[in-house]
Each structure stands twice: as structure tokens, then as C-alpha cells.
Amino acid sequence: MGADQLAAISAIIAAGCAWAPAQSDWAKLSPSVNTLLLICAVTAPVSLLADLHQPGRFWHFYTNFTPWSWMSWGAVLLPIFAGLSVVFCALWWLGWQRLQRLVALALIVSAISILIYTGSEIMVLRSRPLWHTYFVPINLALTAWLATIGGMILIAKFLPRHFPPLPEKTVLILASLAAISLIITALCWGILGVAGHEPSFAYAYALFAQYPAWRLSLIGSIAAGLLVVAMLWFWSRRETGWFFQFFLAVLLLGSAWVFRWVIFMNVQSVPKYGAGLYLYTMPLGADGLLGIVGIFGLFIAMIAIVTFALSVFPKSPFLKSKQYNFQS
């Protein structure tokens with residue numbers, strides 16, 4: 001649920017960069033965001049297949065398609081998106097800009113469909129008041145936006161020197177827009193909740209009031225948000241080093257991951273009927289800790305493979321050198 005949204009936001013940014021002038025700062029985002037897109041587009045179907053659909057029954061979504069099921073639609077939308085993402089990245093590597101721009105238009109539409117699908121498949125559950133709200137898909141998309149910025153900063157540190165450095169001002173603009181959008185969304189959620197027009201707010205307030213664990217998660221979320229805003233402000237005012245940017249990237253990625261953990265795991269500790277909380281213990285096998293470690297390992301392996309490939313072949317060997325220009 002996280003990698004596919006990360007891929008979708010990466011696709012939207014990458015598609016926009018494909019239309020930017022060749023030597024602009026926005027175009028210089030392409031190496032990092034395209035690499036991130038390729039990695040997420042390959043790993044997202046693997047994690048989603050293992051987590052939601054399960055390989056043993058995945059083919060049932062095609063033989064028994066149900067139009068009223070978002071999971072059935074996801075079985076169609078996700079392969080289309082993954083295919084378009086791989087084609088888009090291949091066209092960027094080949095330097096076929098005109099065709100890449102055409103694919104970019106289709107990629108944006110496909111990415112939006114992924115954001116709608118991933119948010120809607122949990123929003124439709126009326127038995128979970130914290131899920132049954134339009135703010136869930138919006139917050140999932142916005143936190144994925146922040147995580148994408150973190151992923152781009154992280155990927156840029158491992159890209160070969162053939163590529164231009166990441167334009168910090170442009171990255172700050174994207175990160176600031178994401179942070180401001182999240183703050184506005186949280187304020188709108190609170191205002192609508194106090195006015196009695198958002199049941200999920202009242203339900204969340206009851207959890208925060210009754211259970212210390214939920215109060216701790218709220219305090220942690222506020223603290224992480226303030227830290228992100230403070231670090232972005234500091235970055236906009238002064239020159240920062242490798243460690244600062246690496247820590248910021250990990251913080252952005254970690255915040256998005258923790259938000260999904262609270263939404264998908266902690267919410268399920270609240271009984272649909274009755275009082276109290278369910279006790280949850282993470283299993284150590286493939287359906288728990290080992291599975292999480294495996295997905296992280298897959299990401300690390302893909303980063304190593306793709307960045308190494310780009311260091312060997314930063315451009316297509318089938319094209320003449322003059323068709324590519326890597327300027328810092």
C-alpha cells in the first residue's frame with residue numbers, strides 16, 4: 001500500500017519533469033525521480049501481491065472480475081501502471097523525449113487511478129469510522145508525496161556523477177507544498193470534526209482521550225511534523241551537508257511509513273463492536289517481521305542494481321553521445 005502510492009506520486013512528478021526544458025532545474029530532477037519510479041513500480045506489485053491479493057488466488061481477480069470491488073479494479077490498474085512506468089523510464093534512458101512525453105500523459109492518468117484505487121479500497125469500509133472518510137485517500141497521497149521527496153533525496157546520493165546534482169531549491173518547493181497541504185488537510189479535518197460534519201474526527205478524539213497509546217501516537221505525529229517543517233526551513237536558509245539531507249530523507253520516508261502503520265495496523269486493534277483494544281503481537285515469520293525486512297531488502301537490492309546499471313550505462317549504448325548531455 002505504500003510502495004504503489006510512492007510510485008504513483010513519483011510518476012506524476014516524473015511526467016511533469018519530462019515536459020520541462022532540457023537544462024531547467026525541473027529537468028534535473030529526472031534522474032532521481034525516474035530511478036525512484038522504476039524501483040517502486042517493480043517492487044510495489046510484489047509487496048501488494050504478497051500482502052493483499054496472495055499469489056495463490058491472484059488469478060481469480062481476472063477469471064471472476066467484480067466491478068463493485070476495488071481490489072478487482074486494482075488487479076487491472078496496477079499492471080497497467082507498472083507497465084507504463086517501466087516504458088516511461090526506458091524511453092528516458094533511450095533519450096526518446098517526444099515519445100516519452102506522450103507516454104507521460106497516459107502515465108499521469110494511470111498514476112491518479114492508482115491513488116484513487118489504493119485510497120478507496122479502505123475508505124469504503126463503513127465498519128471502520130477512521131477509514132470511512134475522504135481524508136484517508138487524501139492523506140495517503142500527501143504523505144506519499146513527502147515520502148517521494150525523501151526517496152528522491154536518498155536516491156540522488158547513490159546516483160553516478162554522470163548525472164546533474166539534485167536542484168535543492170526545486171526539491172524544497174515540492175517538499176514545502178506537500179507539508180503545507182498536509183497542514184491544511186489536518187486543519188480542515190479538525191474544523192469539520194468540531195462542527196460535527198466529520199464522524200472520523202469524533203471517533204479519533206475518543207481514542208486519543210481513552211487510550212494512552214493513541215495519545216502517544218498523536219504526540220509523536222505532531223512532533224515529527226514540526227521536525228520536518230523545521231528541517232525544511234533550516235535547509236532553505238543555510239547550506240546543509242550529506243548527513244543532514246540523509247537524515248531528512250529517512251525522516252520523510254519513515255513518517256509516511258509510520259502513518260500507514262497507524263492507519264492499517266493500529267486501527268485494527270480497535271474492535272468494530274465493543275470496548276477496549278485488541279492485543280496485537282507481530283509474528284516473526286513471512287507474514288510479519290520477516291516480510292517487512294524482506295520488502296526493505298528488495299528496495300535496497302533494487303537501488304543497488306539500478307544505480308550500478310546507470311553507472312555502467314548512464315545512457316543507451318545504441319545512441320550517439322551527442323544525443324545526451326549530462327551537465328552539472
Side-chain angles (χ1 to χ4, degrees), residues 3-45 77-115 144-145 147-168 170-171 173-174 249 299 301-328:
D4 46 1
Q5 292 164 345
L6 191 61
I9 298 297
S10 302
I12 294 174
I13 296 175
C17 292
W19 284 89
Q23 297 304 318
S24 67
D25 285 345
W26 290 99
K28 292 179 181 178
L29 291 177
S30 292
S32 58
V33 72
N34 287 346
T35 302
L36 181 63
L37 170 60
L38 179 62
I39 292 171
C40 292
V42 172
T43 56
L77 297 174
L78 193 59
I80 294 174
F81 172 73
L84 284 172
S85 299
V86 173
V87 170
F88 177 87
C89 293
L91 293 173
W92 165 74
W93 181 69
L94 289 169
W96 295 351
Q97 190 178 55
R98 291 184 180 179
L99 188 55
Q100 183 196 10
R101 287 178 172 178
L102 293 177
V103 175
L105 300 177
L107 184 61
I108 290 175
V109 175
S110 182
I112 293 174
S113 73
I114 294 299
L115 293 175
W145 185 353
T148 299
I149 304 303
M152 290 167 57
I153 296 172
L154 187 64
I155 292 293
K157 303 303 178 185
F158 297 98
L159 285 175
R161 295 182 179 180
H162 304 289
F163 298 100
L166 202 64
E168 295 184 359
T170 308
V171 174
I173 291 174
L174 287 172
F299 268 98
M302 285 296 300
I303 292 174
I305 292 171
V306 176
T307 53
F308 173 76
L310 287 175
S311 67
V312 178
F313 296 111
K315 59 184 177 181
S316 171
F318 304 107
L319 298 177
K320 295 180 180 179
S321 298
K322 66 180 182 180
Q323 292 181 273
Y324 250 76
N325 184 18
F326 297 107
Q327 295 183 359
S328 299

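Quick caveat, the model's predicted, so the values are computed rather than measured.
When side chains are defined from C-beta on, Leu29 counts as touching Leu174, because their heavy atoms get closer than 4.5 Å. With contacts defined as side-chain heavy-atom distances shorter than 4.5 Å, the pair Leu107/Ser85 qualifies. Within the 4.5 Å cutoff, side-chain heavy atoms of Ile13 are placed close to those of Ile9. The shortest distance between side-chain heavy atoms of Ile39 and Ile305 does not fall below 4.5 Å. For the pair Leu99/Leu94, no side-chain contact is recorded, criterion being any heavy-atom separation below 4.5 Å from C-beta on. Between Pro160 and Phe308, every side-chain heavy-atom pair lies at or beyond the 4.5 Å cut-off.
Nearest heavy-atom pair across Thr307 and Phe158 is CB-O, 3.6 Å. Looking at every heavy atom in both residues, Trp92 comes nearest to Pro31 through CZ2-CA, 3.6 Å. The shortest heavy-atom contact between Gln100 and Phe88 is NE2-CZ, 3.3 Å. Shortest non-hydrogen contact noted between Ala20 and Trp26 is CB-CB, 3.7 Å. Closest non-hydrogen pair, Ala106 versus Leu84, comes out as O-CD1, 3.9 Å. Across all non-hydrogen atoms, the minimal contact from Lys28 to Gln23 is CE-O, 3.9 Å.
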Please step through side chain to side chain contact (heavy atoms under 4.5 Å, CB included) for the pair Leu310 and Phe163, ending with a clear verdict.
-> CA-CA 9 Å; Leu310 287 175; Phe163 298 100; 4.0 Å; yes
Determine, stepwise, if the pair Leu105 / Trp19 fulfils side chain to side chain contact (heavy atoms under 4.5 Å, CB included).
-> CA-CA 10 Å; Leu105 300 177; Trp19 284 89; 4.1 Å; yes
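Rounded to the nearest 0.5 angstrom, Thr148 OG1 and Ile12 CD1 are separated by 9.0 Å. Residue Trp93 holds its CH2 atom at 13.5 Å from CG of Asn34, rounded to the nearest 0.5 Å. The distance from atom CD1 of Ile155 to atom OG of Ser10, rounded to the nearest 0.5 Å, is 9.5 Å. Distance check: Leu91 CG to Arg98 CZ gives 14.0 Å after rounding to the nearest 0.5 Å. Taken to the nearest 0.5 Å, the CG atom of Leu154 stands 10.0 Å off from the CG atom of Leu159. Separating the OG1 atom in Thr170 from the CD1 atom in Ile149 is a distance of 10.0 Å, to the nearest 0.5 Å.
Not counting sequence neighbours, Gln97 has no partner by the side-chain hydrogen bond (donor to acceptor under 3.5 Å, both in side chains) test. Under the side-chain contact (heavy atoms from CB on, under 4.5 Å) criterion, Ile108 pairs with Ala15, Ile112, sequence neighbours left out.
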